[in-house]
Protein chains: 4
Amino acid sequence: MRPTRRSDRADVRRPEVGRIAEIRSAADTPTRDRLLEAAMDVFAAKGYHAAAVDDIVAASQTSKGAFYHYFSSKQAIFVTLMDALGALLEDGIEAAIAEERGALAKVEAALGVVLETAEARRDLARILLIEAVGLGPELEAKRLGIHRRFAGVIRRHLERAVEEGSIPPQDTLLAAQAWVGALNELITRWLAEGRGRLGARLPALRGFLLRSIGAAGRGATRARRSRGAAAPRVRRNAGVRR
Amino acid sequence: MRPTRRSDRADVRRPEVGRIAEIRSAADTPTRDRLLEAAMDVFAAKGYHAAAVDDIVAASQTSKGAFYHYFSSKQAIFVTLMDALGALLEDGIEAAIAEERGALAKVEAALGVVLETAEARRDLARILLIEAVGLGPELEAKRLGIHRRFAGVIRRHLERAVEEGSIPPQDTLLAAQAWVGALNELITRWLAEGRGRLGARLPALRGFLLRSIGAAGRGATRARRSRGAAAPRVRRNAGVRR
Amino acid sequence: MRPTRRSDRADVRRPEVGRIAEIRSAADTPTRDRLLEAAMDVFAAKGYHAAAVDDIVAASQTSKGAFYHYFSSKQAIFVTLMDALGALLEDGIEAAIAEERGALAKVEAALGVVLETAEARRDLARILLIEAVGLGPELEAKRLGIHRRFAGVIRRHLERAVEEGSIPPQDTLLAAQAWVGALNELITRWLAEGRGRLGARLPALRGFLLRSIGAAGRGATRARRSRGAAAPRVRRNAGVRR
Amino acid sequence: MRPTRRSDRADVRRPEVGRIAEIRSAADTPTRDRLLEAAMDVFAAKGYHAAAVDDIVAASQTSKGAFYHYFSSKQAIFVTLMDALGALLEDGIEAAIAEERGALAKVEAALGVVLETAEARRDLARILLIEAVGLGPELEAKRLGIHRRFAGVIRRHLERAVEEGSIPPQDTLLAAQAWVGALNELITRWLAEGRGRLGARLPALRGFLLRSIGAAGRGATRARRSRGAAAPRVRRNAGVRR
DNA sequence: AATGAATGAGAGTTCATTCAT
DNA sequence: GATGAATGAACTCTCATTCAT
């Protein structure tokens with residue numbers, strides 16, 4: 001009944017925020033990009049409900065009309081943002097994983113990327129881990145989908161590790177979910193407490209998690225990871241245009 | 001900011017919802033209790049923001065006036081509810097822990113109670129794990145406090161386990177937080193997926209968590225726990241009046 | 001899901017605007033009455049769409065909250081108003097009819113009351129005949145219902161007139177509808193042209209309509225009607241204001 | 001008020017919609033024609049206010065820019081449409097009248113054309129009789145102008161009928177207005193009720209109206225009219241599409 | 001002639017909260 | 001203690017209109 005809007009393409013151009021956006025011509029759809037950036041800032045700063053569409057419009061220097069031209073609703077821009085941020089994280093993980101050989105090393109690398117990304121992009125972490133929670137069935141489903149995808153990556157490599165004989169046979173689904181939960185909790189607390197380096201907890205966490213899957217002491221990737229820490233995969237507060 | 005009312009005892013711990021309430025004369029402050037029950041139902045069903053004070057008033061068969069007589073704001077009743085539900089959970093944990101001797105056994109017992117409680121009281125789980133997230137600094141602090149208290153209990157007994165020599169020395173703070181996160185994730189997914197028995201995952205989870213602290217294979221409390229499962233500590237959907 | 005509102009009782013207290021309201025304690029629901037009065041003024045002055053809820057609120061010296069406390073929507077207050085005005089008109093007609101004996105005289109009396117009422121209450125006429133048109137299926141149905149009821153009264157008495165032998169057998173349904181349409185057209189034009197006395201056209205109209213049903217020259221009620229004109233049944237701009 | 005554009009020829013009478021459009025090269029101003037057609041459909045389907053310019057643009061497969069190139073505003077296209085549809089009706093009436101000799105026969109022919117046209121073109125009827133009502137002074141004036149023109153035609157021939165001696169002297173202005181109103185009411189109800197043949201009521205209506213002007217039983221044109229019914233002057237749903 | 005991105009005033013509605021009774 | 005009418009700020013969303021291309 002209402003004319004279709006050309007936005008809300010949940011699939012399309014997934015990472016409008018993040019790396020790929022850095023590469024693509026930044027002038028592609030500048031208004032839409034500005035809105036997404038502003039939305040990220042505002043949602044991270046005030047939370048979903050306290051963020052008014054007017055706030056986003058003001059922060060983006062565009063207009064209400066532009067907002068609703070590109071996004072059919074406040075929820076729609078939030079979903080788009082979740083997708084973009086989730087994709088940004090996943091891309092980082094995939095890249096880190098690709099650099100490693102062994103299944104365990106891959107899984108450790110993923111772990112490191114998550115902490116690095118959270119530390120470099122508090123806004124991303126806050127939006128995905130805190131502000132996206134409890135927003136109703138639709139957004140909850142989206143959020144769980146992201147968790148599920150991330151846990152899926154971990155699980156896949158845990159399965160390989162079992163095949164490789166690096167770790168004993170086990171319930172890798174549960175292990176992957178538990179890892180995700182552990183990361184979630186650590187990052188959430190770090191966000192709330194607002195001090196200290198999140199990366200500082202990586203070694204202890206790595207030990208804990210490797211132990212949990214029966215791989216204690218076998219972590220052969222330590223050297224590599226510390227390199228990673230020195231040259232983080234996601235620049236601080238980078239990745240969204242600029 | 002707003003004139004304080006005698007009803008906003010944020011500290012409470014008065015578990016007006018839960019066990020003790022079952023014991024105390026149910027007619028004590030029936031209006032207040034009705035409001036809290038209704039609030040629990042409504043918040044669990046619709047979430048914090050979608051739940052209108054009018055909804056709670058309607059569900060409680062009381063009045064707006066009564067609501068604001070007992071609670072200074074919507075947020076206040078939510079905090080009271082969080083406190084009550086957190087206390088209910090903690091009470092269950094303390095009781096379970098008291099029944100066990102060894103530090104490790106205590107920690108396992110706590111674990112079991114959490115899953116049992118979540119299963120028996122979806123509303124409680126939903127409110128504490130989902131609906132209480134992302135409601136702003138004040139409520140976030142409250143939520144983290146509950147997490148912290150729970151993690152504190154676990155940590156305390158992990159420390160004892162180290163002293164006892166049951167597990168090697170380690171970063172017990174991180175372990176406790178990671179445990180909390182793992183539980184959170186498992187329960188949250190179970191809530192969303194809505195099917196299956198949560199308790200069914202307990203054995204695998206126990207193995208996973210014990211391994212994570214270097215206690216693999218030492219779990220001597222298996223027999224006990226199964227008893228616990230047969231006589232759950234929290235009755236399904238019990239504890240909040242009705 | 002939403003608590004029922006005690007207003008929007010389409011049936012109840014039908015003529016809150018008009019005669020009965022004059023009789024009932026005026027302090028009954030003063031806010032609601034003020035809103036209805038204001039709505040009548042504003043709708044008559046600006047039309048349905050151009051009338052903002054804010055206008056009604058401002059004119060009524062109440063508040064948006066009060067508005068939505070008593071009426072679930074802008075459309076709802078308009079419907080209530082249509083009902084009230086329709087009832088006011090009907091009451092006038094019934095009263096006039098009751099005073100006459102012969103079927104034809106009754107029908108003529110009804111005719112007179114309509115013109116009198118329109119002249120005394122331009123706002124009523126404007127709302128029922130102009131502003132209520134083209135507002136969508138729901139309101140259109142309501143509007144037609146009022147027309148139908150009015151035509152029904154006329155038809156009933158035309159049937160009696162046929163039985164009495166005052167007029168020849170004929171399609172009284174069509175005649176009644178045509179009369180309603182003729183009145184509608186005359187009043188609508190008078191509203192638009194804004195000058196002249198509507199009542200001045202009554203004699204010609206009466207002749208025309210009586211002729212149309214084959215009753216030419218038999219109008220025995222002329223004397224009476226002129227009395228009616230001298231003591232109008234509806235006071236100018238009375239009945240809702242007070 | 002707003003800079004005049006060359007497309008707002010409010011006078012028009014250019015029946016871009018309707019017969020003449022069928023004759024003129026259909027490719028003359030195809031965009032404008034498409035817009036008018038779409039506007040007719042959309043206004044008839046949703047009503048003036050619910051019809052968004054975007055709807056018209058979408059239905060016409062053109063663009064917002066094209067819309068405002070040809071019409072200065074939403075109201076302007078509606079006025080153009082009213083003019084076109086009014087002209088279409090008038091043309092039909094004039095043609096029918098031209099075929100008759102006697103004044104009364106002419107007037108009866110006009111009557112028949114109106115019912116035929118309404119039946120063949122519900123959209124036209126809906127727009128002129130329902131959706132055009134209550135749209136503010138400007139459009140109200142336009143609407144009354146159309147009514148007045150139509151009533152004028154009837155009146156003129158009633159006057160002739162008086163001169164001819166076919167009917168007694170009378171207030172032909174009032175009679176003409178009443179006729180218009182009666183037709184309006186009948187068609188409006190038929191539109192709302194959506195069933196039955198409008199033409200079926202023509203005989204009764206003709207009798208009623210002839211009686212009303214004192215011409216009962218004199219209708220000499222019955223034979224002719226039935227011809228007309230067999231070969232309707234306006235093809236069903238024709239005249240605007242193509 | 002034609003496009004559609006952009007504008008922004010303004011709409012209806014919600015709802016936490018107050019307060020006279 | 002309890003009621004519910006009343007308040008009004010704030011919200012999301014719509015849509016006629018403009019204008020650079």
Side-chain angles (χ1 to χ4, degrees), chain A residues 2-3 5-7 29-32 34-35 49-57 61-76, chain B residues 2-3 7 29-32 35 49-58 62-77, chain C residues 2-3 5-7 29-32 35 49-57 61-77, chain D residues 2-3 7 29-32 35 49-58 62-77:
Chain A
R2 184 159 301 136
R5 300 178 181 230
R6 68 175 277 274
S7 43
T29 51
T31 302
R32 186 170 190 268
R34 287 233 302 284
L35 281 164
H49 278 104
V53 171
D54 270 328
D55 294 335
I56 297 173
V57 164
Q61 311 257 61
T62 63
S63 68
K64 270 251 206 31
F67 183 98
Y68 283 97
H69 182 70
Y70 286 109
F71 304 98
S72 60
S73 67
K74 180 179 163 184
Q75 176 166 317
Chain B
R2 187 161 298 133
S7 44
T29 51
T31 302
R32 186 170 192 270
L35 281 163
H49 278 103
V53 171
D54 266 326
D55 293 336
I56 297 173
V57 163
T62 64
S63 69
K64 275 273 230 330
F67 182 97
Y68 282 96
H69 180 70
Y70 287 111
F71 305 98
S72 63
S73 68
K74 180 179 165 183
Q75 178 166 316
I77 199 176
Chain C
R2 183 160 301 138
R5 300 178 181 230
R6 70 175 275 274
S7 43
T29 50
T31 303
R32 187 169 190 269
L35 281 164
H49 278 103
V53 171
D54 270 328
D55 295 335
I56 297 173
V57 164
Q61 310 258 60
T62 64
S63 68
K64 271 251 204 31
F67 183 98
Y68 283 96
H69 182 70
Y70 286 109
F71 304 97
S72 60
S73 67
K74 179 178 164 184
Q75 176 166 317
I77 200 177
Chain D
R2 188 161 297 132
S7 44
T29 51
T31 302
R32 187 171 190 270
L35 281 164
H49 278 103
V53 171
D54 266 326
D55 294 336
I56 297 172
V57 164
T62 64
S63 69
K64 274 270 229 334
F67 183 97
Y68 282 96
H69 180 71
Y70 286 110
F71 304 98
S72 63
S73 68
K74 179 179 165 184
Q75 177 166 316
I77 198 176

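Given the structure is predicted, the values throughout are model-derived calculations rather than measurements. Chain identifiers are assigned alphabetically (A, B, ...) following the order of the sequence lines, protein sequences preceding nucleic acid strands; residue numbering begins at 1 within each chain.
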Whole Å only: how far is the [atom1] atom of [X] from the [atom2] atom of [N]?
| X | N | atom1 | atom2 | value |
| --- | --- | --- | --- | --- |
| K74(C) | dG10(E) | NZ | C1' | 12 Å |
| I77(D) | dT17(F) | CD1 | P | 12 Å |
| I56(C) | dT13(E) | CD1 | P | 11 Å |
| D54(A) | dC13(F) | CG | C1' | 11 Å |

For this session: Tell me which of Q61(A) and A50(C) sits closer to the 5' end of DNA chain E, going by the nucleotide each one is nearest to.
Result: Q61(A)

Exercise. On DNA chain E, nearest-nucleotide positions of H49(C) versus T62(A): which is more 5'?
Worked result: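 On the 5' side of the pair lies T62(A).
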
Phosphate-side-chain proximity, [X] and [N], N/O vs OP1/OP2 below 4.0 Å:
| X | N | value |
| --- | --- | --- |
| Y70(B) | dG1(F) | yes |
| Y68(A) | dT14(F) | no |
| H69(A) | dA5(E) | yes |

Exercise. How close do H49(B) and K74(B) get, heavy atom to heavy atom, and via which atoms?
Worked result: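 The pair with the smallest heavy-atom distance is O-NZ, 3.6 Å.
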
Exercise. Considering all heavy atoms of both residues, which atom of F67(C) and which atom of L35(C) are nearest to each other, and what is their separation?
Worked result: CA-CD1, 3.7 Å

Exercise. Nearest of dA6(F), dG4(F), dA2(E) to any side-chain atom of T31(D)?
Worked result: dA2(E)

Problem set entry | Partner residues of K64(D) under the side chain to side chain donor-acceptor pair (under 3.5 Å) criterion, sequence neighbours left out |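 D54(D).
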
For this session: Report the residues that fulfil side chain to side chain donor-acceptor pair (under 3.5 Å) with T31(B), sequence neighbours left out, ordered by chain and then residue number.
Result: none

Exercise. Between A52(A) and G65(B), which is nearer to the 5' end of DNA chain F once each is assigned its nearest nucleotide?
Worked result: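 Its nucleotide being nearer the 5' end, the pick is G65(B).
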
For this session: For A66(C) and for K64(D), find the nucleotide of DNA chain F with the closest heavy atom, then tell me which residue's nucleotide is more 5'.
Result: A66(C)

For this session: Only stems of 3 or more consecutive Watson-Crick or G-U pairs count here, both distances under 3.5 Å; name the ones for DNA chain F, or none.
Result: E:2-21 with F:2-21

For this session: Mind checking the CD1-CZ spacing from I77(B) to R32(B)? Nearest 0.5 Å is all I need.
Result: 8.5 Å

Exercise. Quick one: side chain to side chain contact (heavy atoms under 4.5 Å, CB included) partners of Q75(A), sequence neighbours excluded?
Worked result: Y48(A), S73(A), V79(A), E138(A), L139(A)

